[in-house]
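Just below is one structure, and these are the notes that go with it.
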2 protein chains.
Amino acid sequence: MSKGGRAAKRGPPRRGLGRAAPRRPASAARGSAKRDAILAAALEEFSSRGFATARLDDVARRAGVAKGTIYLYFRDKESLFQELIRAMLTPLIGAIEAMGGVDMPLAAMSERMTELFVREIFETRRKDVIRLIITEGRRFPKLAEFYYREVLARVLVVMRALLARMAARGEMTSDLARFPQIMAAPGLVAIIWSELFDRFEPLDVRAMMRTYFKLLFATGRRE
Amino acid sequence: MSKGGRAAKRGPPRRGLGRAAPRRPASAARGSAKRDAILAAALEEFSSRGFATARLDDVARRAGVAKGTIYLYFRDKESLFQELIRAMLTPLIGAIEAMGGVDMPLAAMSERMTELFVREIFETRRKDVIRLIITEGRRFPKLAEFYYREVLARVLVVMRALLARMAARGEMTSDLARFPQIMAAPGLVAIIWSELFDRFEPLDVRAMMRTYFKLLFATGRRE
DNA sequence: AATCGATGACTGACCAGTCAGTCATATAGC
DNA sequence: GCTATATGACTGACTGGTCAGTCATCGATT
(Lines give C-alpha, C1' and ligand atoms only; values in the text may rest on other atoms or scores of the structure.)
Protein backbone atom coordinates (compact mmCIF):
# COMPACT_ATOMS: atom_id res chain seq x y z
CA MET A 1 0.00 0.00 0.00
CA SER A 2 1.58 3.16 -0.92
CA LYS A 3 1.57 6.03 1.38
CA GLY A 4 0.44 4.82 4.79
CA GLY A 5 -3.17 4.92 5.74
CA ARG A 6 -4.62 6.63 2.79
CA ALA A 7 -7.73 4.58 3.36
CA ALA A 8 -8.85 6.54 6.37
CA LYS A 9 -12.33 7.84 6.22
CA ARG A 10 -11.47 11.45 6.57
CA GLY A 11 -14.77 13.00 7.32
CA PRO A 12 -15.03 16.44 5.98
CA PRO A 13 -18.26 17.83 7.47
CA ARG A 14 -19.27 18.35 3.94
CA ARG A 15 -21.23 21.43 4.54
CA GLY A 16 -24.56 20.01 5.57
CA LEU A 17 -26.85 21.26 2.89
CA GLY A 18 -24.96 24.08 1.28
CA ARG A 19 -24.02 23.24 -2.25
CA ALA A 20 -20.75 21.51 -2.57
CA ALA A 21 -18.35 24.34 -2.96
CA PRO A 22 -17.12 24.11 -6.56
CA ARG A 23 -13.65 23.76 -5.17
CA ARG A 24 -13.27 27.47 -5.45
CA PRO A 25 -10.11 28.59 -3.77
CA ALA A 26 -12.41 30.53 -1.52
CA SER A 27 -10.94 33.85 -0.57
CA ALA A 28 -8.52 34.00 -3.42
CA ALA A 29 -11.17 34.17 -6.08
CA ARG A 30 -9.36 36.67 -8.22
CA GLY A 31 -6.56 38.77 -6.93
CA SER A 32 -4.25 36.25 -5.38
CA ALA A 33 -0.48 36.50 -5.52
CA LYS A 34 -0.36 32.77 -6.22
CA ARG A 35 -2.77 33.13 -9.07
CA ASP A 36 -0.58 35.83 -10.55
CA ALA A 37 2.52 33.73 -10.12
CA ILE A 38 0.82 30.88 -11.95
CA LEU A 39 -0.23 33.17 -14.79
CA ALA A 40 3.27 34.57 -15.13
CA ALA A 41 4.78 31.10 -15.18
CA ALA A 42 2.18 29.94 -17.67
CA LEU A 43 2.98 32.79 -20.04
CA GLU A 44 6.60 31.79 -19.89
CA GLU A 45 5.98 28.10 -20.50
CA PHE A 46 3.28 28.47 -23.14
CA SER A 47 5.39 31.02 -24.99
CA SER A 48 8.42 28.86 -25.19
CA ARG A 49 6.90 25.40 -25.70
CA GLY A 50 3.46 26.06 -27.12
CA PHE A 51 0.19 24.98 -25.56
CA ALA A 52 0.37 21.29 -26.36
CA THR A 53 3.90 20.64 -25.21
CA ALA A 54 3.94 22.89 -22.18
CA ARG A 55 3.75 20.88 -18.96
CA LEU A 56 1.74 21.97 -15.97
CA ASP A 57 4.40 20.41 -13.77
CA ASP A 58 6.80 22.98 -15.17
CA VAL A 59 4.33 25.80 -14.74
CA ALA A 60 3.88 24.77 -11.12
CA ARG A 61 7.59 24.52 -10.47
CA ARG A 62 8.24 27.89 -12.09
CA ALA A 63 5.44 29.48 -10.10
CA GLY A 64 6.70 27.91 -6.90
CA VAL A 65 3.51 26.04 -6.13
CA ALA A 66 2.38 22.43 -6.23
CA LYS A 67 0.62 21.18 -9.30
CA GLY A 68 -2.61 20.75 -7.44
CA THR A 69 -2.64 24.42 -6.60
CA ILE A 70 -3.07 25.32 -10.23
CA TYR A 71 -6.39 23.53 -10.11
CA LEU A 72 -7.53 25.65 -7.22
CA TYR A 73 -7.40 28.65 -9.49
CA PHE A 74 -8.08 27.26 -12.94
CA ARG A 75 -10.42 24.58 -14.18
CA ASP A 76 -7.90 22.88 -16.45
CA LYS A 77 -4.97 23.50 -18.74
CA GLU A 78 -7.04 25.02 -21.51
CA SER A 79 -8.81 27.27 -19.05
CA LEU A 80 -5.49 28.49 -17.72
CA PHE A 81 -4.38 29.25 -21.25
CA GLN A 82 -7.49 31.15 -22.18
CA GLU A 83 -7.62 33.11 -18.96
CA LEU A 84 -3.99 34.00 -19.45
CA ILE A 85 -4.61 35.49 -22.88
CA ARG A 86 -7.70 37.29 -21.67
CA ALA A 87 -5.91 38.71 -18.68
CA MET A 88 -3.17 40.05 -20.92
CA LEU A 89 -5.52 41.60 -23.45
CA THR A 90 -8.26 43.00 -21.26
CA PRO A 91 -6.34 46.08 -20.14
CA LEU A 92 -5.94 46.99 -23.79
CA ILE A 93 -9.62 47.22 -24.50
CA GLY A 94 -10.13 50.46 -22.68
CA ALA A 95 -6.98 51.97 -24.09
CA ILE A 96 -8.17 51.33 -27.62
CA GLU A 97 -11.53 52.97 -27.11
CA ALA A 98 -9.75 55.91 -25.59
CA MET A 99 -7.83 56.38 -28.80
CA GLY A 100 -11.04 56.67 -30.73
CA GLY A 101 -10.86 60.39 -31.15
CA VAL A 102 -7.25 60.84 -32.07
CA ASP A 103 -6.49 62.60 -35.24
CA MET A 104 -3.12 63.14 -36.69
CA PRO A 105 -1.50 64.94 -39.55
CA LEU A 106 -0.06 62.53 -42.07
CA ALA A 107 3.43 63.73 -41.31
CA ALA A 108 3.23 62.41 -37.77
CA MET A 109 1.70 59.04 -38.56
CA SER A 110 4.84 57.17 -39.51
CA GLU A 111 6.68 57.98 -36.33
CA ARG A 112 3.65 57.57 -34.10
CA MET A 113 2.70 54.15 -35.45
CA THR A 114 6.26 52.92 -35.29
CA GLU A 115 6.83 53.95 -31.72
CA LEU A 116 3.43 52.71 -30.62
CA PHE A 117 4.12 49.28 -32.03
CA VAL A 118 7.71 48.96 -30.91
CA ARG A 119 7.20 50.24 -27.41
CA GLU A 120 3.78 48.87 -26.56
CA ILE A 121 3.94 45.54 -28.30
CA PHE A 122 7.25 44.47 -29.73
CA GLU A 123 9.27 45.21 -26.64
CA THR A 124 6.70 43.83 -24.22
CA ARG A 125 5.09 40.55 -23.36
CA ARG A 126 2.22 41.49 -25.63
CA LYS A 127 4.39 40.32 -28.49
CA ASP A 128 4.30 36.83 -27.01
CA VAL A 129 0.57 37.02 -26.54
CA ILE A 130 0.07 37.90 -30.18
CA ARG A 131 2.39 35.08 -31.17
CA LEU A 132 0.37 32.69 -29.09
CA ILE A 133 -2.83 33.81 -30.76
CA ILE A 134 -1.25 33.32 -34.16
CA THR A 135 0.13 29.91 -33.38
CA GLU A 136 -2.67 28.50 -31.25
CA GLY A 137 -5.65 30.49 -32.43
CA ARG A 138 -6.79 27.84 -34.81
CA ARG A 139 -7.06 25.23 -32.09
CA PHE A 140 -8.93 27.63 -29.80
CA PRO A 141 -11.67 29.28 -31.82
CA LYS A 142 -13.04 30.86 -28.67
CA LEU A 143 -9.78 32.63 -28.21
CA ALA A 144 -9.61 33.82 -31.78
CA GLU A 145 -13.13 35.11 -31.42
CA PHE A 146 -12.33 36.90 -28.18
CA TYR A 147 -9.31 38.51 -29.76
CA TYR A 148 -11.25 39.53 -32.81
CA ARG A 149 -14.22 40.97 -30.92
CA GLU A 150 -12.47 42.64 -28.05
CA VAL A 151 -9.30 43.81 -29.68
CA LEU A 152 -9.04 43.55 -33.43
CA ALA A 153 -12.50 44.79 -34.32
CA ARG A 154 -12.08 47.80 -32.06
CA VAL A 155 -8.67 48.60 -33.41
CA LEU A 156 -9.99 48.35 -36.94
CA VAL A 157 -12.85 50.71 -36.19
CA VAL A 158 -10.51 53.30 -34.73
CA MET A 159 -8.09 52.80 -37.57
CA ARG A 160 -10.71 53.10 -40.24
CA ALA A 161 -11.99 56.31 -38.72
CA LEU A 162 -8.55 57.80 -38.49
CA LEU A 163 -7.67 56.87 -42.03
CA ALA A 164 -11.02 58.06 -43.34
CA ARG A 165 -10.48 61.41 -41.67
CA MET A 166 -7.10 61.74 -43.28
CA ALA A 167 -8.55 60.85 -46.62
CA ALA A 168 -11.36 63.37 -46.23
CA ARG A 169 -8.75 65.96 -45.49
CA GLY A 170 -7.18 65.07 -48.78
CA GLU A 171 -3.96 63.75 -47.29
CA MET A 172 -4.32 60.36 -48.92
CA THR A 173 -6.66 58.20 -50.93
CA SER A 174 -9.35 56.29 -49.11
CA ASP A 175 -7.97 52.91 -50.18
CA LEU A 176 -6.28 52.27 -46.88
CA ALA A 177 -9.48 52.87 -44.97
CA ARG A 178 -10.97 49.90 -46.81
CA PHE A 179 -8.20 47.58 -45.65
CA PRO A 180 -6.99 48.74 -42.28
CA GLN A 181 -5.46 45.29 -41.85
CA ILE A 182 -2.67 46.61 -43.99
CA MET A 183 -1.58 48.83 -41.15
CA ALA A 184 -0.80 45.75 -39.08
CA ALA A 185 1.15 43.95 -41.77
CA PRO A 186 4.66 45.10 -40.85
CA GLY A 187 3.96 44.31 -37.22
CA LEU A 188 3.29 40.70 -38.13
CA VAL A 189 6.44 40.56 -40.19
CA ALA A 190 8.45 41.95 -37.29
CA ILE A 191 7.07 39.46 -34.80
CA ILE A 192 7.45 36.42 -37.00
CA TRP A 193 10.83 37.38 -38.39
CA SER A 194 12.30 38.11 -35.00
CA GLU A 195 11.16 34.77 -33.75
CA LEU A 196 12.32 32.62 -36.62
CA PHE A 197 15.00 34.32 -38.65
CA ASP A 198 16.68 36.96 -36.58
CA ARG A 199 19.61 34.69 -35.88
CA PHE A 200 20.38 34.47 -39.60
CA GLU A 201 19.63 38.03 -40.57
CA PRO A 202 18.77 40.51 -37.86
CA LEU A 203 15.96 42.87 -38.72
CA ASP A 204 15.99 46.48 -37.59
CA VAL A 205 12.33 46.63 -36.71
CA ARG A 206 12.16 50.34 -36.07
CA ALA A 207 13.81 51.16 -39.36
CA MET A 208 11.61 48.77 -41.24
CA MET A 209 8.45 50.17 -39.70
CA ARG A 210 9.48 53.73 -40.44
CA THR A 211 10.30 52.86 -44.02
CA TYR A 212 7.06 51.03 -44.38
CA PHE A 213 4.84 53.83 -43.16
CA LYS A 214 6.83 56.41 -45.01
CA LEU A 215 6.23 54.58 -48.26
CA LEU A 216 2.61 53.91 -47.50
CA PHE A 217 1.83 57.48 -46.60
CA ALA A 218 3.91 58.95 -49.35
CA THR A 219 1.08 57.79 -51.55
CA GLY A 220 0.59 61.42 -51.83
CA ARG A 221 -2.31 63.64 -52.00
CA ARG A 222 -4.86 61.80 -54.04
CA GLU A 223 -3.50 61.90 -57.52
CA MET B 1 -8.68 16.11 -21.79
CA SER B 2 -5.10 15.15 -21.28
CA LYS B 3 -3.82 14.88 -24.75
CA GLY B 4 -0.39 13.37 -24.67
CA GLY B 5 1.52 15.03 -27.41
CA ARG B 6 5.09 14.57 -26.45
CA ALA B 7 7.73 15.19 -28.99
CA ALA B 8 9.37 11.83 -28.77
CA LYS B 9 12.60 13.04 -27.38
CA ARG B 10 13.14 10.17 -25.06
CA GLY B 11 16.14 8.03 -24.85
CA PRO B 12 17.46 5.36 -27.14
CA PRO B 13 15.99 1.87 -26.86
CA ARG B 14 19.54 0.64 -26.77
CA ARG B 15 19.03 -2.53 -28.68
CA GLY B 16 21.18 -5.32 -27.47
CA LEU B 17 24.16 -5.43 -29.78
CA GLY B 18 25.12 -3.46 -32.76
CA ARG B 19 22.68 -3.86 -35.57
CA ALA B 20 21.46 -0.42 -36.21
CA ALA B 21 19.93 -1.53 -39.43
CA PRO B 22 18.58 1.75 -40.68
CA ARG B 23 15.47 -0.25 -41.33
CA ARG B 24 15.58 1.14 -44.79
CA PRO B 25 12.54 0.17 -46.72
CA ALA B 26 14.92 -1.12 -49.30
CA SER B 27 13.53 -0.59 -52.73
CA ALA B 28 11.11 2.09 -51.76
CA ALA B 29 13.82 4.46 -50.71
CA ARG B 30 12.32 7.48 -52.31
CA GLY B 31 9.72 7.35 -54.99
CA SER B 32 7.08 5.09 -53.56
CA ALA B 33 3.36 5.66 -53.98
CA LYS B 34 2.91 4.71 -50.34
CA ARG B 35 5.47 7.24 -49.30
CA ASP B 36 3.60 9.89 -51.21
CA ALA B 37 0.30 8.86 -49.69
CA ILE B 38 1.82 9.15 -46.24
CA LEU B 39 3.21 12.59 -47.01
CA ALA B 40 -0.15 13.77 -48.32
CA ALA B 41 -1.93 12.45 -45.27
CA ALA B 42 0.67 13.98 -43.00
CA LEU B 43 0.20 17.41 -44.57
CA GLU B 44 -3.50 17.13 -43.94
CA GLU B 45 -3.14 16.06 -40.32
CA PHE B 46 -0.31 18.38 -39.37
CA SER B 47 -2.11 21.28 -40.99
CA SER B 48 -5.31 20.80 -39.12
CA ARG B 49 -4.04 19.70 -35.72
CA GLY B 50 -0.48 20.97 -35.51
CA PHE B 51 2.61 18.85 -35.03
CA ALA B 52 2.19 18.01 -31.37
CA THR B 53 -1.45 16.97 -31.46
CA ALA B 54 -1.46 15.22 -34.81
CA ARG B 55 -1.61 11.44 -34.38
CA LEU B 56 0.35 9.05 -36.52
CA ASP B 57 -2.53 6.62 -36.24
CA ASP B 58 -4.64 9.16 -38.09
CA VAL B 59 -1.95 9.78 -40.67
CA ALA B 60 -1.76 6.05 -41.28
CA ARG B 61 -5.51 5.64 -41.56
CA ARG B 62 -5.81 8.58 -43.91
CA ALA B 63 -2.96 7.27 -46.04
CA GLY B 64 -4.52 3.82 -46.10
CA VAL B 65 -1.55 2.07 -44.55
CA ALA B 66 -0.73 0.55 -41.18
CA LYS B 67 1.07 2.62 -38.64
CA GLY B 68 4.17 0.50 -38.86
CA THR B 69 4.46 1.31 -42.54
CA ILE B 70 5.16 4.92 -41.76
CA TYR B 71 8.31 3.76 -40.00
CA LEU B 72 9.47 1.98 -43.12
CA TYR B 73 9.70 5.34 -44.84
CA PHE B 74 10.45 7.79 -42.06
CA ARG B 75 12.62 7.57 -38.99
CA ASP B 76 10.09 9.10 -36.63
CA LYS B 77 7.33 11.67 -36.34
CA GLU B 78 9.64 14.63 -36.41
CA SER B 79 11.47 13.25 -39.39
CA LEU B 80 8.21 12.82 -41.25
CA PHE B 81 7.31 16.41 -40.48
CA GLN B 82 10.60 17.84 -41.63
CA GLU B 83 10.75 15.75 -44.77
CA LEU B 84 7.22 16.84 -45.56
CA ILE B 85 8.11 20.51 -45.40
CA ARG B 86 11.27 19.95 -47.38
CA ALA B 87 9.46 17.98 -50.03
CA MET B 88 6.93 20.76 -50.44
CA LEU B 89 9.52 23.53 -50.64
CA THR B 90 12.24 21.93 -52.70
CA PRO B 91 10.51 22.36 -56.06
CA LEU B 92 10.35 26.07 -55.35
CA ILE B 93 14.06 26.53 -55.08
CA GLY B 94 14.70 26.19 -58.77
CA ALA B 95 11.76 28.35 -59.66
CA ILE B 96 13.04 31.17 -57.54
CA GLU B 97 16.50 31.14 -59.06
CA ALA B 98 14.87 31.15 -62.48
CA MET B 99 13.14 34.38 -61.62
CA GLY B 100 16.42 36.02 -60.89
CA GLY B 101 16.52 37.95 -64.08
CA VAL B 102 13.01 39.24 -64.30
CA ASP B 103 12.52 42.90 -64.56
CA MET B 104 9.27 44.69 -64.58
CA PRO B 105 7.92 48.14 -65.06
CA LEU B 106 6.43 49.52 -61.90
CA ALA B 107 3.01 49.62 -63.46
CA ALA B 108 2.94 45.84 -63.77
CA MET B 109 4.25 45.02 -60.31
CA SER B 110 1.05 45.32 -58.36
CA GLU B 111 -0.87 42.92 -60.53
CA ARG B 112 2.00 40.51 -60.97
CA MET B 113 2.75 40.21 -57.27
CA THR B 114 -0.87 39.82 -56.39
CA GLU B 115 -1.53 37.06 -58.87
CA LEU B 116 1.70 35.30 -58.08
CA PHE B 117 0.84 35.17 -54.41
CA VAL B 118 -2.81 34.29 -54.76
CA ARG B 119 -2.37 31.62 -57.40
CA GLU B 120 0.89 30.04 -56.35
CA ILE B 121 0.56 30.23 -52.61
CA PHE B 122 -2.75 31.31 -51.19
CA GLU B 123 -4.84 28.97 -53.28
CA THR B 124 -2.49 26.03 -52.93
CA ARG B 125 -1.16 23.77 -50.26
CA ARG B 126 1.85 26.00 -50.00
CA LYS B 127 -0.25 28.25 -47.86
CA ASP B 128 -0.49 25.44 -45.31
CA VAL B 129 3.21 24.83 -45.48
CA ILE B 130 3.93 28.45 -44.71
CA ARG B 131 1.45 28.33 -41.86
CA LEU B 132 3.20 25.29 -40.47
CA ILE B 133 6.54 27.04 -40.62
CA ILE B 134 5.08 30.02 -38.82
CA THR B 135 3.40 27.98 -36.12
CA GLU B 136 5.99 25.26 -35.62
CA GLY B 137 9.17 26.93 -36.76
CA ARG B 138 10.20 27.88 -33.30
CA ARG B 139 10.14 24.31 -32.09
CA PHE B 140 12.09 23.10 -35.12
CA PRO B 141 15.05 25.41 -35.63
CA LYS B 142 16.40 23.13 -38.33
CA LEU B 143 13.27 23.71 -40.28
CA ALA B 144 13.36 27.45 -39.87
CA GLU B 145 16.93 27.40 -41.01
CA PHE B 146 16.12 25.29 -44.04
CA TYR B 147 13.31 27.62 -44.98
CA TYR B 148 15.46 30.66 -44.52
CA ARG B 149 18.44 29.35 -46.46
CA GLU B 150 16.70 27.58 -49.26
CA VAL B 151 13.69 29.77 -49.81
CA LEU B 152 13.59 33.08 -48.00
CA ALA B 153 17.18 34.15 -48.55
CA ARG B 154 16.87 33.41 -52.25
CA VAL B 155 13.59 35.21 -52.58
CA LEU B 156 15.04 38.20 -50.79
CA VAL B 157 18.04 38.31 -53.12
CA VAL B 158 15.83 38.24 -56.17
CA MET B 159 13.50 40.80 -54.65
CA ARG B 160 16.25 43.14 -53.66
CA ALA B 161 17.69 43.00 -57.14
CA LEU B 162 14.36 43.68 -58.75
CA LEU B 163 13.58 46.57 -56.44
CA ALA B 164 17.06 48.00 -56.82
CA ARG B 165 16.71 47.94 -60.57
CA MET B 166 13.42 49.78 -60.35
CA ALA B 167 14.96 52.31 -58.05
CA ALA B 168 17.91 52.81 -60.37
CA ARG B 169 15.47 53.42 -63.16
CA GLY B 170 13.98 56.15 -61.03
CA GLU B 171 10.62 54.46 -60.63
CA MET B 172 10.81 54.51 -56.85
CA THR B 173 13.09 55.25 -53.96
CA SER B 174 15.54 52.60 -52.89
CA ASP B 175 13.98 52.27 -49.44
CA LEU B 176 12.07 49.14 -50.30
CA ALA B 177 15.20 47.40 -51.51
CA ARG B 178 16.56 47.72 -47.99
CA PHE B 179 13.59 45.89 -46.50
CA PRO B 180 12.30 43.42 -49.04
CA GLN B 181 10.51 41.69 -46.16
CA ILE B 182 7.91 44.37 -46.60
CA MET B 183 6.88 42.78 -49.87
CA ALA B 184 5.81 39.66 -48.01
CA ALA B 185 3.86 41.47 -45.33
CA PRO B 186 0.43 41.41 -46.96
CA GLY B 187 0.87 37.72 -47.70
CA LEU B 188 1.30 37.03 -44.02
CA VAL B 189 -1.74 39.09 -43.19
CA ALA B 190 -3.78 37.18 -45.76
CA ILE B 191 -2.71 33.78 -44.48
CA ILE B 192 -3.21 34.55 -40.83
CA TRP B 193 -6.44 36.47 -41.27
CA SER B 194 -8.00 33.80 -43.43
CA GLU B 195 -7.18 31.19 -40.88
CA LEU B 196 -8.36 32.98 -37.77
CA PHE B 197 -10.80 35.73 -38.58
CA ASP B 198 -12.39 35.08 -41.93
CA ARG B 199 -15.50 33.72 -40.29
CA PHE B 200 -16.10 37.06 -38.56
CA GLU B 201 -15.05 39.37 -41.33
CA PRO B 202 -14.14 37.89 -44.69
CA LEU B 203 -11.12 39.44 -46.35
CA ASP B 204 -10.95 39.92 -50.09
CA VAL B 205 -7.34 38.91 -50.41
CA ARG B 206 -6.89 39.90 -54.02
CA ALA B 207 -8.32 43.36 -53.45
CA MET B 208 -6.25 43.84 -50.34
CA MET B 209 -3.05 42.81 -52.10
CA ARG B 210 -3.74 45.06 -55.05
CA THR B 211 -4.44 47.99 -52.77
CA TYR B 212 -1.34 47.25 -50.80
CA PHE B 213 1.04 47.21 -53.73
CA LYS B 214 -0.66 50.11 -55.38
CA LEU B 215 -0.09 52.24 -52.31
CA LEU B 216 3.43 51.03 -51.82
CA PHE B 217 4.45 51.67 -55.41
CA ALA B 218 2.60 54.93 -55.68
CA THR B 219 5.45 56.28 -53.65
CA GLY B 220 6.16 57.96 -56.82
CA ARG B 221 9.22 58.83 -58.65
CA ARG B 222 11.71 59.81 -56.02
CA GLU B 223 10.55 63.11 -54.80
C1' DA C 1 12.12 -21.41 -48.77
C1' DA C 2 14.11 -17.13 -48.54
C1' DT C 3 13.38 -12.36 -48.81
C1' DC C 4 11.04 -8.31 -47.76
C1' DG C 5 7.27 -4.93 -47.57
C1' DA C 6 3.47 -4.59 -44.71
C1' DT C 7 0.69 -5.14 -40.58
C1' DG C 8 -1.43 -3.92 -36.05
C1' DA C 9 -1.38 -5.50 -31.31
C1' DC C 10 1.50 -4.23 -27.88
C1' DT C 11 4.82 -1.63 -24.64
C1' DG C 12 6.27 2.02 -22.03
C1' DA C 13 6.86 6.90 -21.48
C1' DC C 14 4.43 10.64 -20.40
C1' DC C 15 1.33 13.89 -18.40
C1' DA C 16 -3.41 16.08 -17.23
C1' DG C 17 -6.09 15.86 -13.65
C1' DT C 18 -7.40 13.87 -8.76
C1' DC C 19 -7.73 13.53 -3.90
C1' DA C 20 -6.22 11.82 0.71
C1' DG C 21 -3.63 14.01 3.81
C1' DT C 22 -0.83 18.11 5.96
C1' DC C 23 -0.28 22.28 8.35
C1' DA C 24 -0.48 27.22 9.22
C1' DT C 25 -3.75 30.10 10.88
C1' DA C 26 -8.14 31.39 12.78
C1' DT C 27 -11.70 30.84 16.21
C1' DA C 28 -13.81 28.93 20.41
C1' DG C 29 -13.48 27.50 24.98
C1' DC C 30 -11.50 27.67 29.42
C1' DG D 1 -3.57 34.23 27.99
C1' DC D 2 -3.38 29.59 26.58
C1' DT D 3 -4.87 25.29 24.72
C1' DA D 4 -8.28 22.71 21.80
C1' DT D 5 -10.64 22.43 17.69
C1' DA D 6 -11.83 23.78 13.04
C1' DT D 7 -10.83 25.43 8.55
C1' DG D 8 -9.29 25.36 3.96
C1' DA D 9 -5.33 26.47 1.12
C1' DC D 10 -1.88 23.69 -0.30
C1' DT D 11 0.64 19.49 -1.47
C1' DG D 12 2.42 15.69 -4.43
C1' DA D 13 1.96 10.69 -5.10
C1' DC D 14 -1.04 8.39 -7.88
C1' DT D 15 -4.42 7.04 -11.71
C1' DG D 16 -6.08 6.59 -16.21
C1' DG D 17 -5.85 7.55 -20.84
C1' DT D 18 -3.08 8.63 -24.85
C1' DC D 19 0.11 7.83 -28.29
C1' DA D 20 5.05 7.29 -30.39
C1' DG D 21 7.55 3.72 -31.61
C1' DT D 22 8.45 -1.68 -31.78
C1' DC D 23 8.39 -6.29 -33.43
C1' DA D 24 6.50 -11.00 -34.15
C1' DT D 25 4.10 -12.47 -37.87
C1' DC D 26 1.88 -12.63 -42.40
C1' DG D 27 1.62 -13.03 -47.33
C1' DA D 28 3.37 -11.99 -51.82
C1' DT D 29 7.11 -12.52 -54.91
C1' DT D 30 11.07 -14.68 -56.71
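A note on names: the letters A, B, ... follow the listed sequences, proteins ahead of strands, and every chain is numbered from 1.
- You'll find that the side chain of A:Leu72 is closest to D:dT11, out of C:dG17, D:dA20, D:dT11.
- The side chain of A:Thr69 lies closest to D:dC10, out of D:dG21, C:dT7, D:dC10.
- Separating the CZ atom of A:Arg61 from the P atom of D:dG12 is a distance of 12 Å, rounded to the nearest angstrom.
- A donor-acceptor pair is defined here as one N or O able to donate and one able to accept, closer than 3.5 Å; such a pair exists between the side chain of A:Arg154 and the backbone of A:Glu150.
- Figure legend: cation-pi geometry between B:Lys77 and B:Phe51, with NZ or CZ positioned under 6.0 Å from the six-membered ring centre and within 45° of its axis.
- Distance from the side chain of B:Arg55 is smallest to D:dA20 among C:dG17, D:dA20, D:dG12.
- Out of D:dT11, D:dC10, D:dA20, the shortest distance to the side chain of B:Lys67 is found at D:dA20.
- For A:Asp76, taking side-chain heavy atoms from C-beta onward, the closest of the listed nucleotides C:dG17, D:dG21, D:dT11 is C:dG17.
- Nucleotide C:dG8 holds its P atom 12 Å from the CD1 atom of B:Ile70, rounded to whole Å.
- Separating the CG atom of B:Asp57 from the P atom of D:dC19 is a distance of 8 Å, rounded to the nearest angstrom.
- Aromatic ring centres of A:Phe81 and A:Phe46 lie closer together than 6.0 Å.
- Residues satisfying the side-chain contact (heavy atoms from CB on, under 4.5 Å) test with B:Ala37, not counting sequence neighbours, are B:Ala63.
- Rounded to whole Å, atom P of D:dG21 lies 10 Å from atom CZ of B:Arg75.
- The separation between B:Leu80 atom CG and D:dC19 atom P is 16 Å, rounded to whole Å.
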